[in-house]
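Okay, structure first, notes after.
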Amino acid sequence: HFFWENGMIQKYLYGVPFDTESVVAPIPASQGEPPVGTVKTSETGFCFACPLAEGDRVYGLGEANRGINKRGFVYVSDNVDDGLHTENKQRMYAAHNFIVISGQQNLGLFFDYPARIRFDIGFTRRDWLEVTCERADLALYVITGDSACDVVKQFRAIIGRSYIPPKFAFGYGQSRYGYKTRTDFEEVVAKHRQAHIPLDMVYMDIDYMDHFKDFTVNPEDFPDFSGFVSKMKEQGVRLVPIIDAGVKEEAGYSVCDEGKEKGYFCKRADGTDFEGTVWPGWSHFPDVLNPEARAWFGSQYKALTDCGIEGFWNDMNEPASFRGPLPDNVLMTDEDRVATHGEMHNVYGHNMSRAAFEGWKEATGSGMNVGRAAMGTMTTTLLLAYSGGYIAMLMVFMAQGTPLVNMINYKYVAAEIVHTIVGSIGLVAVAPFTALCSGFLLTQKRKNQPEEGKEEAAKELETLTEQEK
């Protein structure tokens with residue numbers, strides 16, 4: 001048992017769990033049955049079930065469709081590249097296997113499992129919660145507390161806090177597919193300034209690359225990329241380039257050649273390098289579960305940090321392929337053993353983002369890390385898990401180490417509406433939210449700072465105009 005203020009955290013192990021590294025606190029395993037529900041394990045899988053009282057509400061699962069209260073639907077943690085975020089969808093880009101039951105009891109359940117897992121939350125039976133997965137190899141954490149908020153605080157304590165990002169990461173970042181040239185980016189910045197919309201970052205989608213090859217820049221559109229990055233910084237704007245999981249198959253392309261030579265790509269069952277099709281065409285996928293391959297892939301980010309880049313956007317890392325999901329039998333390396341993609345699917349994106357984090361930390365010591373696919377908590381290596389191209393300003397909360405408990409509909413506060421900022425909806429929807437985040441941060445800064453720093457924070461708050469306040 002792990003006691004926390006007025007609560008308690010218990011850990012139960014089943015089979016041979018994969019260490020996703022989601023939990024950083026050293027919690028010893030408990031013996032016997034969990035204090036709530038029943039657990040059944042067999043060769044065909046795992047099942048946790050418990051009754052739900054009439055007034056119980058169920059929160060959690062990170063980014064997911066539908067309402068804040070998850071009761072009454074089936075959700076599946078199985079990272080997928082699906083741009084249609086309709087209410088009937090059971091799964092999205094990330095897997096956050098944490099739920100909070102709030103009502104007659106206040107209970108948290110975290111299923112630390114790296115593959116597909118299904119949550120039937122009062123759907124088949126309104127008074128019944130059932131969580132199932134195909135392999136009985138996982139860790140279950142049971143958290144009790146005085147309130148739902150207390151349960152979340154305890155969960156945050158065991159998963160670790162976020163790294164501290166640079167100041168610009170707290171600002172607004174504009175993202176939209178279609179910006180291709182230097183002129184496109186300059187125009188976006190100019191229009192935001194003309195409309196008095198705060199802008200601290202512009203995300204660079206795949207068109208900045210040389211034929212969609214990771215860690216390259218189109219030499220025709222950006223003949224002096226370092227100079228352009230510097231010019232944007234002079235205007236208070238950081239450029240945040242995208243990096244995709246798929247590495248283009250092309251002889252003479254150094255990342256591809258070196259990855260193949262050193263055996264750093266995921267394999268087919270026969271030992272040959274697996275190929276899927278993504279934006280550059282036929283592509284390989286780095287085996288980021290292999291520590292050596294992960295360090296190698298992370299070192300590639302230096303090609304862009306050397307140009308002055310301070311933040312990255314890791315995409316297509318569910319991993320996604322235009323020919324459908326990677327087959328379950330694609331081979332990856334789990335430390336010292338060979339594992340299959342089917343066993344490790346949901347941790348792939350996490351480990352790609354981890355590679356980026358470790359890479360730029362080694363190169364520059366500071367930066368911003370954004371990723372699409374996520375697993376568990378990711379608070380220690382990732383600032384924001386975003387949803388399919390909609391990069392929202394709620395990274396302000398992630399930056400304080402807040403877990404993705406219930407990030408419902410945050411994906412709709414950005415990209416397309418801001419691009420049409422000349423119309424009224426972007427201004428109405430985004431500007432107040434930016435002001436809200438800015439005010440929140442300055443208030444928190446005053447509250448959390450040591451005594452010697454409060455005077456400086458107070459002066460900074462006083463410099464805001466009445467309208468900004």
Side-chain angles (χ1 to χ4, degrees), residues 52 57-100 109-111 113-126 128-134 175-177 244-245 276 278 313-328 341-342 344-350 352-353 370-378 382 384-392 394 398 403-417 429:
L52 294 173
R57 296 171 181 265
V58 182
Y59 305 114
L61 299 182
E63 63 172 48
N65 280 327
R66 304 174 71 85
I68 297 292
N69 183 2
K70 299 299 188 290
R71 189 168 179 172
F73 196 61
V74 172
Y75 298 88
V76 178
S77 289
D78 187 29
N79 298 352
V80 64
D81 177 16
D82 184 350
L84 294 176
H85 307 154
T86 52
E87 295 224 339
N88 64 317
K89 297 298 174 64
Q90 295 181 343
R91 58 189 183 133
M92 290 182 67
Y93 301 92
H96 301 281
N97 305 332
F98 175 58
I99 59 175
V100 178
L109 299 168
F110 177 50
F111 299 85
Y113 182 69
R116 178 187 174 96
I117 184 168
R118 183 177 186 270
F119 296 80
D120 184 334
I121 308 177
F123 179 75
T124 302
R125 280 178 50 184
R126 175 155 181 82
W128 200 249
L129 165 70
E130 191 167 276
V131 182
T132 55
C133 56
E134 294 179 357
S175 175
R176 185 179 187 272
Y177 177 73
D244 281 348
V278 204
W313 162 21
N314 301 288
D315 198 31
M316 303 295 286
N317 55 351
E318 289 71 31
S321 172
F322 295 161
R323 291 175 175 259
L326 271 63
D328 283 349
H341 171 242
M344 302 292 166
H345 174 70
N346 288 341
V347 291
Y348 186 90
H350 163 76
M352 179 189 169
S353 294
V370 174
R372 186 167 81 180
M375 161 66 198
T377 56
M378 299 184 69
L382 187 67
L384 171 72
Y386 76 97
S387 192
Y390 295 87
I391 302 176
L394 277 171
M398 286 295 292
L404 276 169
V405 179
N406 240 340
M407 302 288 271
I408 180 66
N409 283 343
Y410 74 91
K411 59 186 176 292
Y412 297 112
V413 192
E416 300 296 338
I417 51 175

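Heavy atoms only: backbone and side chains are in, while hydrogens, waters and symmetry mates are out. Here the structure is a predicted model, which means the values were calculated and not measured.
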Check: Less than 4.5 Å apart, any side-chain heavy atom of His341 and any of Pro319?
Finding: yes
Check: Can you tell me how far NZ of Lys89 sits from CZ of Phe73, rounded to the nearest 0.5 angstrom?
Finding: 10.5 Å
Next item on the list: Report yes if some heavy atom in the side chain of Thr86 is under 4.5 Å from a heavy atom in the side chain of Asn65; otherwise report no.
Entry: no
Item checked: Residue pair Leu52, Val58: steps toward the side-chain contact (heavy atoms from CB on, under 4.5 Å) verdict -> CA-CA 9 Å; Leu52 294 173; Val58 182; 4.2 Å; yes
Checklist line | Pair Arg372 + Glu318, salt bridge at N-O below 4.0 Å | finding: yes
Note to self: Quick check: do Asn317 and Asn79 have side-chain heavy atoms less than 4.5 Å from each other?
What the structure shows: no
Next item on the list: Find the distance between CD1 (Ile117) and OG (Ser77) and round it off to the nearest 0.5 Å.
Entry: 6.5 Å
Item checked: Heavy-atom side-chain contact between Arg57 and Arg71 under 4.5 Å -> no
Atom pairs and distances, side-chain donor-acceptor, residues 119-126, under 3.5 Å, sequence neighbours left out:
residue: Asp120; atom: OD1; partner: Phe123; partner atom: N; Å: 3.0
residue: Asp120; atom: OD1; partner: Thr124; partner atom: N; Å: 3.2
residue: Asp120; atom: OD2; partner: Thr124; partner atom: OG1; Å: 2.4
residue: Arg125; atom: NE; partner: Asp127; partner atom: OD1; Å: 3.0
residue: Arg125; atom: NH2; partner: Asp127; partner atom: OD1; Å: 3.2
residue: Arg125; atom: NH2; partner: Asp127; partner atom: OD2; Å: 3.2

Next item on the list: Find out whether Asn346 and Asp78 are in side-chain contact, i.e. whether some heavy atom of one side chain is under 4.5 Å from a heavy atom of the other.
Entry: yes
Checklist line | Inter-residue atom distance Asp244.CG - Trp313.CH2, 0.5 Å rounding | finding: 8.5 Å
Note to self: Between Asp82 and Arg91 (salt bridge meaning N to carboxylate O under 4.0 Å), is one present in this structure?
What the structure shows: no
Item checked: Nearest-0.5 Å distance that lies between atom OH in Tyr59 and atom CD1 in Ile68 -> 8.5 Å
Notebook entry, point to check: How close do Arg116 and Cys133 get, heavy atom to heavy atom, and via which atoms?
Noted result: O-CB, 3.5 Å
Next item on the list: Look up atom NE2 in His345 and atom CE in Met375, then write down how far apart they are to the nearest 0.5 Å.
Entry: 11.5 Å
Item checked: Any Met316 side-chain heavy atom under 4.5 Å of Asp81 side chain -> yes
Margin query: Test side-chain contact (heavy atoms from CB on, under 4.5 Å) on Leu109 and Leu129; report intermediate values, then the result.
Written below: CA-CA 11 Å; Leu109 299 168; Leu129 165 70; 4.0 Å; yes
Check: What do you reckon, is CD of Glu134 surrounded by more than 12 foreign heavy atoms closer than 6.0 Å?
Finding: no
Checklist line | Pairwise distance CG(Leu61) to CZ(Phe98) - rounded to 0.5 angstrom | finding: 10.0 Å
Note to self: Taking the ring centre of each residue, are Tyr93 and His85 less than 6.0 Å apart?
What the structure shows: yes
Side-chain donor-acceptor pairs under 3.5 Å in residues 321-328, sequence neighbours left out?
residue: Ser321; atom: OG; partner: Thr277; partner atom: N; Å: 3.3
residue: Ser321; atom: OG; partner: Thr277; partner atom: O; Å: 3.4
residue: Ser321; atom: OG; partner: Arg323; partner atom: N; Å: 3.4

